[in-house]
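Read through the structure below, which is laid out as structure tokens, and then see the notes.
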Amino acid sequence: MSTPYGSWPSPFSAADVSASAPRIDGARFVGDEIWWGESVPSEGGRVTVRSSSGEEVLPSPWSARSRVHEYGGGAWTADAVGTLYFVDGASQRVHRMPRDGVPEPLTAPGAQYGGLTLQQGRLFAVREDLRSEPHRRGLVEIPLDGSAADDDAAVHVFIQGSAFFAHPALSPDGTRLAFVEWSGRRMPWEQANLRFIHTGGDDTITGVNTHAALQPEWVSDGELLYLDDPDGRWNLHRAALDDLALEAWPEQVAPADADTGGGLWVLGQRWYGVLADGRIVAVRTNGSDEIVLIDPGSGDAQTLDVPVTAEASICDVQGTRVLISGSGADVERGLWCVDADSGEITAIRGGERIDARWVPIARPVTFEGPHGEVHAFDYPPTNPDHVAPAGEKPPYLVMVHGGPTAHVSGAASAAYAYWTSRGIGVLDVNYGGSTGYGRAYRERLNGQWGVVDVDDVIAAARGLADAGLADPARIAVRGGSAGGWTVLSALVRGGAFAAGISRYGVADLRMLASDTHDFEKSYLDGLVGPLPEAEDVYIARSPLTHADRIDVPVLLEQGSDDKVVPPSQSQVIRDALAARGIPHEYLEFEREGHGFRRAETIIASLEAELAFLGRTFGFEPA
């Protein structure tokens with residue numbers, strides 16, 4: 001049937017998107033079962049823990065969520081007999097819950113915890129105390145006898161201060177703790193060091209000044225694996241140690257022109273795991289993800305035939321089995337158990353195959369921009385029952401991810417099918433600054449935030465239109481957080497986009513520098529320049545400074561409880577647009593932070609965006 005683009009009837013409602021593929025938050029082998037964390041949008045975004053036995057391990061209203069660094073991560077772990085350890089989202093206290101028991105606190109009120117890891121019967125965590133100035137963070141061991149439930153002093157502190165810490169790893173003999181540390185003056189993907197400390201309490205700290213270290217893992221008492229990118233790509237490294245000092249310069253293990261690693265936004269992330277026989281299962285990213293099995297002796301790497309090509313994480317290993325979460329080109333987000341020897345793959349949660357008649361397979365595309373190649377994924381309008389009238393070109397929504405040091409891979413998505421099944425194409429752009437293409441691509445954004453990212457998304461949009469794949473008069477740009485900044489900056493530039501959707505986007509750099517949280521306090525030094533020396537650049541780059549140049553409709557969406565990009569950022573743009581009579585809408589969602597998790601918010605946001613595009617581009621949504 002011939003129907004105008006944007007008006008195609010679709011089986012995908014906003015409620016379907018909200019209830020679609022689960023957001024997996026870590027997974028573990030627990031005895032004969034598999035446990036995983038899962039966000040529940042219908043319960044306000046509560047993070048529960050479920051079991052492959054069909055049991056909900058963590059009952060309502062408990063939620064396993066950490067607020068360390070605001071982005072959290074590593075909010076739960078478990079032992080082999082089914083004792084759950086988790087960070088209570090409401091109080092940020094760590095709790096223990098025996099199987100079929102009730103949660104009981106292990107830490108006192110006041111501090112927040114994340115990156116929980118249970119090693120050799122000992123519970124390690126990253127602790128953040130915001131009650132002091134400057135804020136104190138540290139690596140700690142939480143006693144399992146409950147003695148710290150009312151006494152902070154009972155928590156054993158290995159190291160603390162104003163620096164940031166992640167990835168504690170205990171040596172097999174229990175005498176040494178390896179970890180990653182960065183100063184806060186640099187982000188962890190810019191500079192992070194590998195460190196070691198004696199666990200006996202003599203405070204001896206040694207290590208090596210790595211480039212951007214990630215995920216140390218002990219192979220034996222004298223050998224350590226970790227990730228680093230001295231050659232511009234995150235790869236595995238192996239180091240021999242003697243008395244906490246490196247005996248020799250670390251050697252690379254199966255180096256590749258791909259990244260095993262990424263931006264350390266969230267604690268507890270894992271890009272590889274060591275099997276019982278020493279082989280390594282790892283993620284490699286070069287645009288899309290692949291899972292490889294590495295022989296550390298020969299360096300040979302074999303690609304595993306698994307459906308995951310995006311958002312891949314190696315959650316846990318046991319014997320020859322590995323738990324892998326992520327999504328794929330033709331499967332929705334999920335969790336799989338893979339046997340590295342037999343190749344057997346078992347879907348544990350999610351991972352449903354898509355119906356390609358309705359959900360387009362992402363097409364990797366590259367455009368030429370003023371700073372070099374721009375990588376993106378194209379999702380064309382797809383609907384088996386409808387075509388557009390002859391000669392009509394589709395409207396497009398150019399997606400801009402946050403971070404800006406983040407990454408998108410081409411993957412099946414009900415959220416994107418919501419648009420493409422209605423006749424609206426989606427172009428997902430990895431602009432300069434994105435991970436997944438090496439350090440040089442990442443550092444293209446150094447000092448150039450608001451320039452390179454804007455140039456790249458404009459180049460991608462124009463490249464799509466020049467190829468005849470999109471209507472140049474009906475291209476909108478949509479992004480959240482740092483992506484919202486790029487949206488507003490592109491609208492200020494003018495000429496490329498007919499509308500913009502900014503979700504909790506940055507509007508004023510000086511306001512962001514004064515208001516944002518501790519983790520990103522110095523991020524702008526690298527992206528723009530240090531204050532006060534670069535204040536003129538901050539003013540010149542900020543969309544608020546040039547809001548009078550925005551001449552197309554804008555939809556602004558914001559969480560009322562956002563601590564990363566406070567509501568004031570969206571409100572000042574709203575007021576500037578209102579003063580000039582530019583068509584705009586402002587939606588502020590109560591009880592939402594940085595990113596929307598509640599089902600009612602996801603539904604209201606998508607429906608508002610579709611209606612906004614319909615009014616702007618002149619189509620009537622079915």
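Just so you know, these numbers come straight off a predicted model, no measurement behind them. By convention here, the first residue in the shown sequence is residue 1.
Side-chain atoms of Glu38 never come within 3.5 Å of backbone atoms of Thr48 as a donor-acceptor pair (strictly under, hydrogens ignored). At distances below 3.5 Å, at least one donor-acceptor pair connects side-chain atoms of Asn430 with backbone N or O atoms of Val408. Here the side chain of Arg46 pairs a donor or acceptor atom with the backbone of Trp62 at under 3.5 angstrom. A donor-acceptor pair under 3.5 Å is absent between the side-chain atoms of Ser18 and the main chain of Ile602, judged by distance alone. Remark: side-chain polar atoms of Arg580 are paired, donor with acceptor, to backbone N or O of Ala547 under 3.5 angstrom. Here the side chain of Asp16 pairs a donor or acceptor atom with the backbone of Ser13 at under 3.5 angstrom. Counting only distance, with no hydrogens or angles, the side chain of Thr545 and the backbone of Arg541 share no donor-acceptor pair below 3.5 Å. Under the 3.5 Å distance criterion, the side-chain polar atoms of Asp453 are left unmatched by any main-chain donor or acceptor of Thr486. Put simply, the side chain of Ser63 never gets that close to the backbone of Pro61: no donor and acceptor are under 3.5 Å apart. Looking only at distances, a side-chain donor or acceptor of Trp76 sits under 3.5 Å from a matching main-chain atom of Asp25.
Screening Met399, Glu585, Glu557 against Ile501 for a side-chain contact (heavy atoms from CB on, under 4.5 Å) leaves a single residue, Glu557.
Between Trp485 and Trp449, the ring centre distance stays below 6.0 Å. Residues Tyr5 and Phe617 place their aromatic rings such that the two centres sit no closer than 6.0 Å. When ring centroids are compared, Tyr441 and Trp189 stay outside the 6.0 Å threshold.
Annotation for Tyr523 and Gly403: closest pair CE2-O, 3.4 Å, computed over non-hydrogen atoms. In this structure, Gly423 and Pro394 approach most closely via the heavy-atom pair O-CB, 4.2 Å. Heavy atoms only, all atoms of each residue included: Thr420 and Tyr379 are closest at CG2-O, 3.4 Å. For the pair Val57 and Arg50, the tightest heavy-atom approach, listed with the atom from each and the gap, is CG2-C, 4.1 Å. Here the closest heavy-atom approach between residue Asn383 and residue Pro9 is recorded as ND2-O, 3.0 Å. In plain terms, the two heavy atoms of Ile348 and Cys337 that are nearest each other are CG1-N, 3.9 Å.
With hydrogens and angles left out, the side-chain atoms of Glu588 and Gln571 include a donor and acceptor closer than 3.5 Å. Side-chain contact check for Glu311 and Ser327: at least one donor-acceptor pair (N or O, by modelled atom type) lies under 3.5 Å. No hydrogens or angles considered: a donor-acceptor pair under 3.5 Å links the side chains of Ser434 and His401.
For the pair Arg615 and Phe612, the cation-pi criterion (under 6.0 Å, within 45° of the ring axis) is not fulfilled.
Residues satisfying the side-chain contact (heavy atoms from CB on, under 4.5 Å) test with Ala608, not counting sequence neighbours, are Leu587.
Rounded to the nearest 0.5 angstrom, Phe619 CZ and Leu610 CG are separated by 5.5 Å. Atoms CZ and CG, from Phe367 and Asp378 in turn, are 7.0 Å apart once rounded to the nearest 0.5 Å.
Two residues are said to be in side-chain contact when any heavy atoms from C-beta on lie closer than 4.5 Å; Tyr431 and Val452 fail this criterion.
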